[in-house]
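The model shown is predicted, which means the values in this text are computed figures rather than measured ones.
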Amino acid sequence: LTNAPGLRFIESWSPDGTRLLYSQFESDHFHLHSVRADGTDPKTLTSGSGNESTPQWSPDGMHIAYQQGDPTGIYIAISDADGTNAHPLAGTSPLDLDPTWSADGSRLYFGCDRFDRRHDLCTAALDGSGLRAIQFPSLDPVVTPCTPFCKSIMSHFAASPGDGRIAFEVLGDGELQRVWVASLDGTSAIPVSGTTTSFAGRWSPSGDRMLLNIADGNNRMALATVKP
């Protein structure tokens, strides 16, 4: 799909399956690009002195949300699908990460440290209103306390395309890296790979299964699917 020097990371398919979003490391910064699925019509979406990463297409294909880093902080930005009209979702917080769209495209979910905890799951409407944290009581023994440092964090959020669930990874000192799935009301959090290391979870289009990378601890890795 691409044929030039530099690192590139595929991030997101357009909802109609015709284009791919990817991040590219260039001139000491990460910027966003898109390309048709046959490798034609490459487009540059962002440029400048900041870093843009983890872009996700909106369900209707009209917008993208991504992680923007600049001297003010790391925050979630929204733009049109061609990269124009970019603006912060809810201000330039010191640390907002890993945006994912709700199934109907009306909200964004992302990791944030706005509520005296590090990397809570937060959500806001597209105009930035209704900003709140969603906490998972069953995960409190794993991800807290955070004084002076967090034992573990939640990251790489991915909302289900089918219903009110969200997947994420739990990472941290002494904690097995695994993909979890929980309800968006903060209940029913479970590791979907049991006691097996898992990461980089992806939902099927219908939301009835997840694709995982799994590892056995002996440098052997595989792909697996699992019900959520």
Side-chain angles (χ1 to χ4, degrees), residues 1-2 6-15 17 19-25 30 32-35 37 51-59 64-67 69 74 76 95-103 108-112 118-122 134 136 139 142-143 150 152-163 165-184 188-228:
L1 299 181
T2 63
L7 290 170
R8 292 168 180 79
F9 299 96
I10 293 176
E11 306 280 5
S12 178
W13 283 94
S14 63
R19 298 190 69 87
L20 282 160
L21 271 175
Y22 64 94
S23 55
Q24 176 175 313
F25 190 69
F30 275 101
L32 306 183
H33 301 258
S34 73
V35 65
N51 285 282
E52 299 84 36
S53 59
T54 64
Q56 297 293 321
W57 242 297
S58 63
I64 58 173
Y66 53 91
Q67 187 175 302
I74 300 174
I76 305 306
L95 192 61
D96 290 340
L97 305 167
D98 299 326
T100 184
W101 294 83
S102 64
L108 280 166
Y109 297 91
F110 53 97
C112 78
R118 192 165 181 81
H119 297 344
D120 271 328
L121 172 63
C122 292
I134 301 172
F136 301 92
L139 274 170
V142 175
V143 300
C150 296
S152 302
I153 61 171
M154 296 183 293
S155 62
H156 300 118
F157 296 102
S160 166
D163 56 22
R165 288 179 290 187
I166 194 159
F168 49 87
E169 288 179 31
V170 175
L171 310 168
D173 183 31
E175 176 63 25
L176 187 66
Q177 181 179 9
R178 290 179 293 181
V179 175
W180 292 62
V181 169
S183 298
L184 281 169
S188 307
I190 60 166
V192 292
S193 62
T195 58
T196 299
T197 297
S198 59
F199 55 96
R202 295 291 185 270
W203 291 98
S204 65
S206 61
D208 63 336
R209 294 192 74 85
M210 292 203 75
L211 177 69
L212 308 176
N213 289 267
I214 60 172
D216 68 358
N218 294 308
N219 295 320
R220 295 186 298 184
M221 298 185 184
L223 293 174
T225 65
V226 63
K227 292 182 179 179

Closest approach of [X] to [Y] (non-hydrogen atoms, all atoms of both residues):
| X | Y | answer |
| --- | --- | --- |
| Val179 | Ala167 | CG1-CB, 4.4 Å |
| Met221 | Ala215 | CG-CB, 4.0 Å |
| Trp101 | Ile64 | CZ2-C, 4.0 Å |
| Ala37 | Trp13 | CB-CZ3, 3.9 Å |
| Ser58 | Pro15 | O-CG, 3.2 Å |
| Thr100 | Phe157 | CB-O, 3.6 Å |

task = Show your reasoning for whether side chain to side chain contact (heavy atoms under 4.5 Å, CB included) applies to Leu1 and Tyr22.
result = CA-CA 11 Å; Leu1 299 181; Tyr22 64 94; over 6 Å; no
How far does [atom1] of [X] sit from [atom2] of [Y], to the nearest 0.5 angstrom?
| X | Y | atom1 | atom2 | answer |
| --- | --- | --- | --- | --- |
| Glu11 | Gln67 | CD | CD | 9.5 Å |
| Ile74 | Ser53 | CD1 | OG | 8.0 Å |
| Phe168 | Ile166 | CZ | CD1 | 8.0 Å |
| Ile76 | Leu97 | CD1 | CG | 6.5 Å |
| Leu108 | Asp96 | CG | CG | 11.0 Å |
| Arg178 | Thr196 | CZ | OG1 | 9.0 Å |

Contacts of [X] that satisfy ring pair (Phe, Tyr, Trp, His ring centres under 6.0 Å) - sequence neighbours left out:
| X | value |
| --- | --- |
| His156 | none |
| Phe199 | none |
| Phe110 | none |

task = Apply salt bridge (Lys or Arg N to Asp or Glu O under 4.0 Å) to Asp98 and list each qualifying residue two or more places apart in sequence or on a separate chain.
result = none
request  = Taking atom CD1 of Ile10 as the centre, report whether more than 12 heavy atoms of other residues, nucleotides or ligands fall under 6.0 Å from it.
outcome  = no
query = Side-chain contact, heavy-atom cut-off 4.5 Å: Tyr66 with Leu21?
reply = no
ask   = Are Leu212 and Thr225 close enough, and set up right, to give a side chain to side chain contact (heavy atoms under 4.5 Å, CB included), and what steps lead you there?
value = CA-CA 6 Å; Leu212 308 176; Thr225 65; over 6 Å; no
Run the side chain to side chain donor-acceptor pair (under 3.5 Å) test against [X] and tell me which residues pass, sequence neighbours left out.
| X | value |
| --- | --- |
| Ser155 | none |
| Ser193 | Ser198 |
| Arg202 | none |
| Thr54 | none |

message = Ring-plane angle category for Phe9 and Phe30, please: parallel below 30°, perpendicular beyond 60°, tilted otherwise.
response = tilted
Quick one: side chain to side chain contact (heavy atoms under 4.5 Å, CB included) partners of [X], sequence neighbours excluded?
| X | result |
| --- | --- |
| Asp216 | Asn218, Arg220 |
| Ser206 | Ser204, Asp208 |
| Pro205 | none |
| Pro228 | Arg165, Val181, Trp203 |

